[in-house]
Amino acid sequence: DVAYMSNKYFYLTGNTVLFSQTITDDNKGFDKCYQDADPTSENISDLIETDGGYVKFETMGDGVALKTFNRGVLVFGRDVVWGLISPADGVFTATAYDIVELSKAGICGPNSAVSVSDSVYYWSPLGIFQIGVNAQTGSTLVAQNITQTTIQTYYNNIPLSSKNLCRGVFDYVN
């Protein structure tokens, strides 16, 4: 899967997310997921903000989908959901980001995640989950099962093969 945020492209492959160098005005850098400086150089080996890079999620299982949301990119795996979150100013750089585990409930299928104005919803084998901003802190992201107190019994009766094929949609009018 591919996502775009903060002038960088994010590419999901297996359990790894590659992120591109910062895209320049002449549209260069989207295909470079490495640093500009030579990492073996004695003079300049440091990362700079505009570099590309990667993050490996060992416990995620197979990566399934990416979604941009709020200050980061949500990384959906079969077993867990992670967030690559930028600092408070909302700009993701190679030198300033956090990796946050959001949920131990992974996603069923790549098409089940849907973004709305203030949340991302997705189907998990355990229920339908909402990822949103914590109202008390105003900055941290939280995931919660929204079917647990409503339609959980009905949801549990849907075969997993059907859940894997579901497509999330949102009706902006209603």
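Given the structure is predicted, the values throughout are model-derived calculations rather than measurements.
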Subject >> Stepwise side-chain hydrogen bond (donor to acceptor under 3.5 Å, both in side chains) test for Lys8 and Thr22 >> reply: CA-CA 5 Å; Lys8 290 185 179 286; Thr22 301; 3.2 Å; yes
Subject >> Candidate pair Val91 and Ser86, rule side-chain contact (heavy atoms from CB on, under 4.5 Å), full reasoning >> reply: CA-CA 6 Å; Val91 177; Ser86 64; 5.8 Å; no
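Ile85 CD1 to Phe92 CZ: the interatomic distance, rounded to the nearest 0.5 Å, is 9.0 Å. From Ser119, atom OG reaches atom CD of Gln144 across 8.5 Å, with rounding to the nearest 0.5 Å. To the nearest 0.5 Å, atom CZ of residue Phe69 and atom CG of residue Leu141 are 6.0 Å apart. Taking CZ of Phe76 as the start and CG of Asp1 as the end, the distance is 10.0 Å to the nearest 0.5 Å.
Placement of Trp123 and Tyr154 within a single hydrophobic cluster is found when ILVMFWY residues are connected by side-chain heavy-atom separations under 4.5 Å, directly or transitively. Tracing side-chain contacts under 4.5 Å through hydrophobic residues (I, L, V, M, F, W, Y), one never reaches Ile107 starting from Ile146; they form parts of separate clusters. In terms of hydrophobic clustering, with Ile, Leu, Val, Met, Phe, Trp and Tyr side chains grouped at heavy-atom distances under 4.5 Å, Val114 and Val81 are assigned to different clusters. Tyr121 is connected to Ile158 through a chain of hydrophobic side-chain contacts under 4.5 Å among Ile, Leu, Val, Met, Phe, Trp and Tyr, so both are in one cluster. Connection of Leu126 to Ile128 is not established within any shared hydrophobic cluster, with ILVMFWY side chains joined at heavy-atom distances below 4.5 Å, either directly or through further cluster members.
Among the candidates Thr95, Ile99, Thr93, the single residue satisfying the side-chain contact (heavy atoms from CB on, under 4.5 Å) test with Tyr97 is Ile99. Checking each of Tyr11, Tyr54, Phe10 against Phe19 for a side-chain contact (heavy atoms from CB on, under 4.5 Å) leaves exactly one that passes, namely Phe10.
The shortest heavy-atom contact between Thr147 and Gly127 is OG1-CA, 3.4 Å. Nearest heavy atom pair, residue Arg78 against residue Asn164, reads NH1-OD1, 4.2 Å. Closest heavy-atom contact between Pro87 and Ala96: CD-O, 3.2 Å. The two residues Phe129 and Ala105 make their nearest non-hydrogen contact at CZ-CB, 3.5 Å. Contact detail for Cys108 and Pro125: the closest heavy-atom pair is SG-N, 3.3 Å.
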N/O donor to acceptor pairs below 3.5 angstrom from side-chain atoms of residues 56-68, sequence neighbours left out:
none

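Every pair passing side chain to side chain donor-acceptor pair (under 3.5 Å) that includes a residue from residues 101-112 is listed here, sequence neighbours excluded: Glu101-Lys104, Ser103-Tyr122.
The shortest side-chain heavy-atom distance between Val55 and Leu84 falls under the 4.5 Å cut-off. Taking 4.5 Å as the limit, every side-chain heavy atom of Ile151 sits out of range of all side-chain heavy atoms of Thr153.
Although no hydrogens or angles enter the test, the distance criterion places no donor-acceptor pair under 3.5 Å between the side chain of Lys163 and the main chain of Gly109. Remark: the backbone N or O of Gly106 is paired with a side-chain donor or acceptor of Ser124 at under 3.5 angstrom.
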